[in-house]
Amino acid sequence: MPAAGEAVSNLDTPSILCDLDRLERNIADWQALMDRNQVRFRPHVKTHKIPDIARRQVAAGARGIICAKPSEAEPFVAAGIDDVCIAYPVLGPQKWRRLAAMAAGGVRLTVNCDNETAARQASEAATAADATVNLQIDVDSGMHRGGIPMTEIGEIEQLARTIVGLPGVEFDGLTTHRGISYEGAPGPQDAGHDEGRLLVDVADKLRAGGLEVRELTAGGSFTARWVAEVPGITEARAGTYVFFDLMHLGAGTATEDQLALSALCTVVGRRTPGRLTIDGGSKTFSGDRGVVGGTGASASDVARAVDRRVQVERLTEEHGMARADEPVELGEKLRFYPFHACTCANLTNEIVGVRGGRVELVWPVAARGLRT
């Protein structure tokens, strides 16, 4: 494990690095943005999977955290995070028992729900654990990966009334995640405003029928800053903002001085001056360019060197094949921004926090690979 004070240039490769100055600035800037809009902020920890970063986000003012799966939440609960949302369609008694145990232990727990079966399973587990679980109905506002379609107001209302009538659970409101990858999506600002307004419209229709809708939560790192501007939204969410990546740089939702995560790699092959091989492949960068987020990325977005004219164009498991538009020496170490920070972080056992060219700390990626 790298030691505090060690020069970054001495680290073995590949190593995943976090620029602490940029990380801290991203956390502070986004919390300030949410505070200005008087909207609660809930970061998604799937980006970093590190409890200490979550504690920093909460200390800055975040309401709590979002996780994808129960197992992903458990290390954060163990670290003292006591307000957790599972932004995923939980189904199955085993998972609900695990979640109910968290709620019984003092965690304010909120979970996505889009069907009666899940609501009844949640009720049964919460009642058995003498706990309360908050359920938010997941509304499909255009991404089509889950949730009740926003046009099916009757189905949404029926599920809400079912939840209201069940013991151990409370109808907490509505949630949606639309992003910018759906068909016909406008730019991120308009997409964020649309996402927020669509959810407010659904809530207004439920309220007209006499239902109390406490929370309206939406957004992601592409849209949350604009979702937060919509009157009626109570909570905005984002994950990748803490690191950002080339996906966001390409979409215009981040600037290069916000990119906090990079992979330090060594040039291990140079058959010609312009063609290089580095020791980071898909098991370092993930290889999901152009798939996750659906931005239609070009080959040059696989990974790009920091402050150097070197582009990774192709990956195998352990090799990165790159084009160099400036002289690069065999054995030279270069830092590369990944296309997608979240999957890159999930592939490493540790992330090295650096400042001023020196190691400051090393974080174990505590929730790495936790998918159940």
Side-chain angles (χ1 to χ4, degrees), residues 22-23 25-48 57 62 66 68 87 138-147 150 174-202 216-261 288-298 300-302 304 337-344:
R22 293 183 178 188
L23 173 93
R25 188 168 64 247
N26 290 343
I27 290 172
D29 287 351
W30 271 65
Q31 187 62 53
L33 184 154
M34 298 302 165
D35 291 345
R36 285 196 301 272
N37 286 288
Q38 298 182 310
V39 169
R40 290 184 289 272
F41 185 39
R42 187 181 295 272
H44 203 316
V45 298
K46 56 96 177 180
T47 296
H48 53 74
Q57 291 169 311
I66 319 171
D138 187 7
V139 176
D140 179 9
S141 56
M143 198 172 189
H144 304 320
R145 68 177 186 182
M150 59 188 175
L174 306 174
T175 184
T176 195
H177 178 76
R178 202 179 196 207
I180 59 171
S181 60
Y182 59 94
E183 184 176 354
Q189 180 173 351
D190 288 341
H193 289 158
D194 287 349
E195 182 177 343
R197 289 171 187 145
L198 288 167
L199 199 63
V200 170
D201 180 63
V202 174
L216 295 180
T217 72
S221 293
F222 286 111
T223 62
R225 69 185 73 187
W226 296 290
V227 165
E229 295 176 348
V230 177
I233 293 295
T234 63
E235 179 182 285
R237 300 173 173 180
T240 314
Y241 84 96
V242 74
F243 291 149
F244 282 120
D245 51 28
L246 293 183
M247 181 161 49
H248 278 274
L249 194 66
T253 49
T255 56
E256 188 149 342
D257 63 357
Q258 293 175 305
L259 303 185
L261 196 77
D288 66 359
R289 176 197 54 82
V291 178
V292 175
T295 60
S298 65
S300 62
D301 288 315
V302 175
R304 179 165 62 77
Y337 294 128
F339 172 73
H340 189 199
C342 305
T343 45
C344 180

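The first residue in the sequence is number 1, and the count goes up from there.
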_Heavy-atom check, side chain of Leu174 versus side chain of Val202, under 4.5 Å_ = yes

*asked:* Using every non-hydrogen atom in the two residues, find where Asn26 and Phe244 come nearest and quote the distance to one decimal.
replied: ND2-CD1, 4.0 Å

_Just so I know, are the side chains of Glu256 and Tyr337 near enough to count as touching, which here means a heavy-atom distance under 4.5 Å?_
yes

*Rounded to the nearest 0.5 Å, what separation is found between the CG atom of Asp245 and the OG1 atom of Thr240?*
6.0 Å

*Which atom names give the shortest non-hydrogen contact between Val227 and Ala218, and what distance separates them?*
CG1-CB, 3.8 Å

*So, for Met34 and Ala224, which heavy atoms are closest and what is the spacing to 0.1 Å?*
CE-O, 3.9 Å

*Mind checking side chain to side chain donor-acceptor pair (under 3.5 Å) for Asp140 and listing every partner two or more places apart, or none if nothing turns up?*
His144

_Closest contact, heavy atoms only, Phe243 versus Leu23_ = CE2-CD1, 3.8 Å

*Examine distances only and state if a side-chain atom of Thr234 and a backbone atom of Leu216 form a donor-acceptor pair shorter than 3.5 Å.*
yes

_If we ignore hydrogens and angles and just use 3.5 Å, is the side chain of Gln31 paired with the main-chain N or O of Ala28 as donor and acceptor?_
no

*Considering residues at least two apart in sequence or located in another chain, which fulfil the salt bridge (charged side-chain N to carboxylate O under 4.0 Å, His left out) criterion with Asp35?*
none

_CG on Asp138 to CZ on Arg145, rounded to 0.5 Å_ = 8.0 Å

*asked:* Is the shortest side-chain heavy-atom distance between His248 and Tyr241 below 4.5 Å?
replied: no

*Please report the closest heavy-atom contact between Glu195 and Thr223, naming both atoms and the distance.*
OE1-OG1, 3.1 Å

*Quick one: pull up NE2 in His177 and CZ in Arg237 and give me the separation to the nearest 0.5 Å.*
10.5 Å

*Under 3.5 Å donor-acceptor, Ser221 side chain and Gly239 backbone*: yes

*Write down the atom of Ser141, the atom of Met150, and the distance for their closest heavy-atom approach.*
CA-SD, 3.7 Å

*Measure the CD-CZ distance between Gln57 and Arg42 for me, rounded to the nearest 0.5 Å.*
12.0 Å

*Using the side chain to side chain contact (heavy atoms under 4.5 Å, CB included) rule, take Phe222 and Met247 through it: C-alpha gap first, then chi angles, then the decisive distance, then the call.*
CA-CA 10 Å; Phe222 286 111; Met247 181 161 49; 3.7 Å; yes

*Quick one: CH2 on Trp226 to CD on Gln189, what's the gap to the nearest 0.5 Å?*
6.0 Å

*Is any side-chain heavy atom of Asn37 less than 4.5 Å from a side-chain heavy atom of Val230?*
no

*Would Leu246 and Leu259 satisfy side chain to side chain contact (heavy atoms under 4.5 Å, CB included), going step by step from the backbone distance to the final call?*
CA-CA 8 Å; Leu246 293 183; Leu259 303 185; 4.3 Å; yes

*Under 3.5 Å: donor-acceptor pair, side chain of Thr217, backbone of Glu235*: no

_Is it the case that the side chain of Asp194 and the backbone of Arg197 share a donor-acceptor pair, with hydrogens and angles ignored and the cut-off at 3.5 Å?_
no

*side chain to side chain contact (heavy atoms under 4.5 Å, CB included) between Thr343 and Lys46: does it pass, once the steps are laid out?*
CA-CA 9 Å; Thr343 45; Lys46 56 96 177 180; over 6 Å; no

*Quick one: pull up CD1 in Ile180 and CG in Asp190 and give me the separation to the nearest 0.5 Å.*
12.0 Å

